[in-house]
Amino acid sequence: MAHRIAVLSQKGGTGKTTTVRTLADAFRRGGLRVLAIDLDPQGNLSDYFDVPPDASPTVADVLVGRAPAADAIHDDVIPANLQLAEAELALAGRMGRELTLRKVLRDADGEYDVVLLDCPPNLGLLTVNALVAASHALIACEAQYFALQGVEQALQVIELAKDGLNPDLEWLGAVVTKADLRTVHSREAVEALRKEHPGKILDAVIRQSIAYAESSERGVSILDHRPELGVDYLDLAGELARALGEDDAAARIDGLSAGVRA
Ligand SMILES: Nc1ncnc2c1ncn2[C@@H]1O[C@H](COP(=O)(O)OP(=O)(O)OP(=O)(O)O)[C@@H](O)[C@H]1O
Ligand SMILES: [Mg+2]
């Protein structure tokens, strides 16, 4: 079975979607086959991957049982749009609502090594579905003091999923995003996070830069737009690939990272 990684956070704008799309790119460069699933009614991930707005079926159709997951894969993406908000409401009234995604994804990801799930900016039913369907959870948090609380809340939801519906769920850790390491605040926030969650804040830290907004505007991966910044995500991808036991891919990605730094 593919490694299924849910990327979540308790609040908005922590870099989840940027992390999913750039990790997808980095893992692919490492030779892994990656499926990206948009679980946010905002559909940002789908836009970024240039899925046509009228692509059908979407993840909403899959969740309510109108289409099999395999039919909703468009160029290695299962897209979302505003219909997902309706689907979430419909799900909320059903028995086994937390298990829906896990069920519909069964057998759907056989051709992939990694599935990345881009969660919406809250810890509601869609995020819980992602955590129940996932093998691994990855928290995205900003390099800010208030992130401490957000990580704590995300962790509680992960623990709930583990305790009840998905005992095999593993926490990969938290990736610190949007770090301005020139400021004391940012550096201290990263230190505080590491102190609070020893061994669980990933080594790779994603630096803050306006280049991320430019890269999504132009639809060009940060790995190509600004390789000297994108190397942060290569480091993250290498670290995660190693944690997943994908050593060949990790070695290839580390090689790419070394190439950028040379
Ligand atoms: N490392 C970074 N430095 C600066 N800006 C960034 C960085 N990563 C992402 N951004 C910008 O921050 C905004 C939010 O990023 P993104 O959409 O990835 O976050 P998100 O957690 O998915 O948001 P939402 O919770 O709304 O889904 C975007 O405009 C993006 O371009
Ligand atoms: Mg997002």
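Start at 1 and go down the list; that is how both ligands and their atoms are numbered. Excluded from the calculations below are hydrogen atoms, water molecules and symmetry mates; all remaining heavy atoms, backbone and side chain alike, are included.
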**Message:** Quick check: do L138 and L202 have side-chain heavy atoms less than 4.5 Å from each other?
**Reply:** yes

**Prompt:** For atom CZ of R29, is the number of surrounding heavy atoms from other residues, nucleotides or ligands below 6.0 Å larger than 12?
**Reply:** yes

**Asked** Side chains of N129 and L99: closer than 4.5 Å at any heavy-atom pair?
**Response** no

**Asked** Just checking, R21 and Y48: is the charged tip under 6.0 Å from the six-membered ring centre and within 45° of the axis?
**Response** yes

**Asked** Quick one: which ligand 1 atoms are inside 4.0 Å of a heavy atom on G12?
**Response** 25 (O)

**Message:** Rounded to the nearest 0.5 Å, what separates atom NE2 in H197 from atom CG in L148?
**Reply:** 6.5 Å

**Asked** So, for atom 28 (C) of ligand 1, does the protein have a heavy atom nearer than 4.0 Å?
**Response** no

**Prompt:** Considering only heavy atoms from C-beta outward, does the side chain of N81 approach that of S46 to under 4.5 Å?
**Reply:** no

**Item:** Exercise: do S257 and R261 side chains pair donor with acceptor under 3.5 Å
**Value:** yes

**Request:** Would you please test N44 and T17 for side chain to side chain donor-acceptor pair (under 3.5 Å) and show each step?
**Result:** CA-CA 7 Å; N44 293 338; T17 300; 4.7 Å; no

**Prompt:** Can you list the atoms of ligand 1 that are under 4.0 Å from a heavy atom of I206?
**Reply:** 1 (N)

**Complete:** Nearest non-hydrogen protein atom to atom 13 (C) of ligand 1, with distance, is K178 NZ, 3.8 Å

**Complete:** Any heavy atom of D40 under 4.0 Å from ligand 1? The part involved is side chain

**Prompt:** Which residue supplies the protein heavy atom nearest to atom 19 (O) of ligand 1, what is that atom called, and how far is it?
**Reply:** G15 N, 3.0 Å

**Close-contact set for ligand 1 against T14 heavy atoms, below 4.0 Å** = 19 (O), 20 (P), 21 (O)

**Prompt:** Which residue supplies the protein heavy atom nearest to atom 24 (P) of ligand 1, what is that atom called, and how far is it?
**Reply:** G13 N, 3.5 Å

**Prompt:** Can you tell if the side chain of S135 reaches within under 4.5 Å of the side chain of R4, non-hydrogen atoms only?
**Reply:** yes

**Worked check of side chain to side chain donor-acceptor pair (under 3.5 Å) between D180 and S186** = CA-CA 6 Å; D180 182 353; S186 231; 5.9 Å; no

**Prompt:** What is the number of protein N, O or S atoms that sit under 2.8 Å away from the Mg ion (ligand 2)?
**Reply:** 1

**Request:** Please write down residue, atom name and distance for the protein heavy atom closest to atom 21 (O) of ligand 1.
**Result:** K16 NZ, 2.8 Å

**For atom 26 (O) of ligand 1, the option (of Q42, E142, Q10) bearing the nearest heavy atom** = Q42

**Request:** Could you tell me if any non-hydrogen atom of S9 lies under 4.0 Å from any atom of ligand 1?
**Result:** no

**Asked** Going by the order shown, which atoms of ligand 1 are within less than 4.0 Å of some heavy atom of A213?
**Response** 31 (O)

**Request:** Calculate, to the nearest 0.5 Å, the distance between atoms OG and CD1 belonging to S9 and I139 respectively.
**Result:** 9.0 Å

**Prompt:** Can you find a heavy atom in the side chain of V115 that is under 4.5 Å from one in the side chain of I5?
**Reply:** no

**Message:** Among all the protein's non-hydrogen atoms, which is closest to atom 17 (O) of ligand 1, and how far away is it?
**Reply:** T17 CB, 3.9 Å

**Asked** Which heavy atom of the protein is the closest neighbour of atom 2 (C) of ligand 1, given with residue, atom name and distance?
**Response** Y212 CD1, 3.4 Å

**Protein heavy atom at shortest distance from atom 3 (N) of ligand 1** = S209 N, 2.9 Å

**Prompt:** Of all the heavy atoms in R207, does at least one lie under 4.0 Å from an atom in ligand 1?
**Reply:** yes

**D25, T19, T18 screened by side-chain hydrogen bond (donor to acceptor under 3.5 Å, both in side chains) with Y233, the one that passes** = T19

**Request:** Note the single closest protein heavy atom to atom 30 (C) of ligand 1, along with its residue, its atom name and the distance in Å.
**Result:** T18 OG1, 4.1 Å

**Prompt:** Do W171 and H136 come within less than 4.5 Å of each other through their side chains, counting heavy atoms only?
**Reply:** no

